[in-house]
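Structure first, commentary second.
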Protein chains: 2
Amino acid sequence: MTSHAQTGVDLTKNQTLVMGALSSADGPLSAYTILDQLRDDGFRAPLQVYRALDKLVEFGLVHRLESLNAFVACRHTECGDRGQTIFLICETCGKAIEVTDKAIARRLKTVATGALFALQTATVELRGTCDACRAA
Amino acid sequence: MTSHAQTGVDLTKNQTLVMGALSSADGPLSAYTILDQLRDDGFRAPLQVYRALDKLVEFGLVHRLESLNAFVACRHTECGDRGQTIFLICETCGKAIEVTDKAIARRLKTVATGALFALQTATVELRGTCDACRAA
DNA sequence: TTTATTGCGTAACGGTATAACGTGTGCAAT
DNA sequence: ATTGCACACGTTATACCGTTACGCAATAAA
Ligand SMILES: [Zn+2]
Ligand SMILES: [Zn+2]
Ligand SMILES: [Zn+2]
Ligand SMILES: [Zn+2]
């Protein structure tokens, strides 16, 4: 169903529908936008979306963009390592590019340790303008 | 009034009240928490808080924590350089430690450039456990 | 005085997220 | 068979976050 089929998780009907909406979108979607898109499929309440999203995030199939209050399908094949994902969010077109960088992950760990802080997860979200929008 | 008095900005009455609430708090506050604290000072509506917060963020006296939907007084003396601030947010006590790191700022810039992305601002918020809470 | 700017206050609204309740189904262990 | 449990689901209600729209008052040019 997705590029993450390897994970071998079995998705429920609702999870499949939400995953489909995110996969076919070309950018991050809010929970309520997903709800609207799935009304014809029987979705009626926000909680149906949030429950599916919680699981999809847990499975690593979906990322939550904190600074956007939105969700995006993972496009990265090797994002298994937690907390290493960086998002480049274009202010113009709204799309989010997903990248990883070991040097940043390492340095964040070092900074946290230096502050006697037990790092669990990292949110790194950059704002700016993507190449396509700058050219236009 | 704050450690940023050097900036020499004149705060309005509402801005002063909101700044005071954030300065005397020992952690991030949501806009609605600030509103509740300032009801006795005449605050009645969220917009009064948000208008003040917008200006305080613009002046660099306050930071917004995207992953928390909350605001915190800047405790860092040299955070003038935009986008270099990193927050370490303790999941246990809710406090936020503010640090800067030139290596990360530089590397983020490099990563963005490599993706042909024109970087404007960076949000870096780490979750984990602070030293005090881990010891307890 | 006229005009523009800025801050302020009120009300109404829309977007985000969770709480609390009950239902049904599949799958052990008894 | 039945009991207990885990899990997904559906519904309603509510709390929390943030903005839009409108009008008023004080201040600062012009
Ligand atoms: Zn990913
Ligand atoms: Zn773009
Ligand atoms: Zn600061
Ligand atoms: Zn702590």
Side-chain angles (χ1 to χ4, degrees), chain A residues 1 7-22 25 27-59 61-72 89 91 94 96 121 123 125 127, chain B residues 1 8-22 25 27-59 61-72 89 91 94 96 123 125 127:
Chain A
M1 164 160 303
T7 60
V9 289
D10 257 351
L11 299 185
T12 68
K13 181 184 161 216
N14 282 8
Q15 288 161 13
T16 302
L17 286 166
V18 170
M19 192 67 214
L22 285 172
L29 299 180
S30 76
Y32 280 68
T33 300
I34 296 171
L35 174 59
D36 285 340
Q37 290 191 9
L38 295 181
R39 290 212 187 264
D40 292 342
D41 296 291
F43 273 57
R44 312 277 308 173
L47 204 44
Q48 296 174 283
V49 180
Y50 281 109
R51 285 203 268 238
L53 285 171
D54 281 349
K55 285 297 183 182
L56 293 172
V57 168
E58 182 185 325
F59 297 154
L61 302 180
V62 166
H63 295 286
R64 175 191 172 83
L65 298 178
E66 303 280 359
S67 69
L68 224 49
N69 288 330
F71 301 82
V72 66
I89 302 168
E91 302 269 14
T121 63
T123 297
E125 300 177 10
R127 303 304 198 92
Chain B
M1 163 162 305
V9 289
D10 258 350
L11 298 185
T12 68
K13 180 183 162 216
N14 283 8
Q15 289 162 13
T16 302
L17 286 167
V18 170
M19 192 67 215
L22 285 173
L29 299 180
S30 76
Y32 279 66
T33 300
I34 295 171
L35 173 58
D36 285 340
Q37 290 191 9
L38 295 180
R39 289 208 189 269
D40 292 343
D41 297 290
F43 274 56
R44 314 275 309 175
L47 192 47
Q48 295 172 284
V49 180
Y50 282 109
R51 281 203 273 239
L53 285 172
D54 281 350
K55 285 297 182 183
L56 293 172
V57 169
E58 182 185 325
F59 297 154
L61 302 180
V62 167
H63 296 285
R64 176 192 173 82
L65 298 180
E66 304 280 358
S67 69
L68 226 49
N69 288 330
F71 301 82
V72 65
I89 302 168
E91 303 269 13
T123 297
E125 300 178 10
R127 303 304 198 91

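Every heavy atom of this structure was used, including side-chain atoms; hydrogens, water molecules and symmetry mates were not. Each chain gets a letter, A, B and so on, in the order the sequences are listed, and its residues count up from 1.
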Before giving the answer on side chain to side chain donor-acceptor pair (under 3.5 Å), spell out for B:Glu125 and B:Ser67 the whole-Å C-alpha distance, their side-chain angles and the decisive distance to 0.1 Å. CA-CA 7 Å; B:Glu125 300 178 10; B:Ser67 69; 2.5 Å; yes

Has the side chain of B:Arg51 got a donor or acceptor that lies under 3.5 Å from a partner of the other kind on the base of D:dG18? no

Checking all strands, does A:Ala45 fall into the base, sugar-phosphate, or nothing category for heavy-atom contacts under 4.0 angstrom? base

[N] [atom2] sits how many Å from [X] [atom1], rounded?
{"X": "A:Leu68", "N": "D:dC17", "atom1": "CG", "atom2": "C1'", "value": "15 Å"}
{"X": "A:Asp36", "N": "C:dG15", "atom1": "CG", "atom2": "P", "value": "8 Å"}
{"X": "B:Leu35", "N": "D:dT19", "atom1": "CG", "atom2": "C1'", "value": "15 Å"}
{"X": "B:Asp54", "N": "C:dC8", "atom1": "CG", "atom2": "C1'", "value": "14 Å"}
{"X": "A:Leu53", "N": "C:dT16", "atom1": "CG", "atom2": "C1'", "value": "12 Å"}
{"X": "A:Leu56", "N": "D:dA8", "atom1": "CG", "atom2": "P", "value": "11 Å"}
{"X": "B:Glu58", "N": "C:dT6", "atom1": "CD", "atom2": "C1'", "value": "13 Å"}
{"X": "B:Leu17", "N": "C:dG7", "atom1": "CG", "atom2": "C1'", "value": "14 Å"}

Please examine the side chains of B:Glu58 and B:Asp54, heavy atoms only from C-beta on, and report whether any two atoms are closer than 4.5 Å. no

Can you tell if the side chain of B:Val49 reaches within under 4.5 Å of the side chain of B:Leu38, non-hydrogen atoms only? no

Quick check on DNA chain D: between A:Gln48 and B:Asn69, whose nearest nucleotide comes earlier from the 5' end? A:Gln48

Quick test of the criterion, 5.5 Å between centres and less than 30° between planes. Is A:Tyr32 stacked on C:dT16 or not? yes

To the side chain of B:Leu47, which of D:dT20, D:dT11, C:dA17 is closest? D:dT20

N or O in side chain of [X] less than 4.0 angstrom from [N] OP1/OP2:
{"X": "B:Ser30", "N": "D:dC16", "result": "no"}
{"X": "B:Thr12", "N": "C:dT6", "result": "no"}
{"X": "A:Arg64", "N": "C:dA17", "result": "yes"}
{"X": "A:Asn14", "N": "D:dG10", "result": "yes"}

On DNA chain C, compare the nucleotides closest to B:Pro46 and B:Lys13; which residue's is nearer the 5' end? B:Lys13

Toward the 5' end of DNA chain C, which comes first, A:Tyr50 or B:Lys55, by nearest nucleotide? B:Lys55

Does the distance from a Lys or Arg side-chain N to an Asp or Glu carboxylate O, for A:Glu66 and A:Arg64, drop under 4.0 Å? yes

Test applied, side chain to side chain contact (heavy atoms under 4.5 Å, CB included); reference residue, A:Phe43; option that passes from A:Asp36, A:Val18, A:Ile34: A:Val18

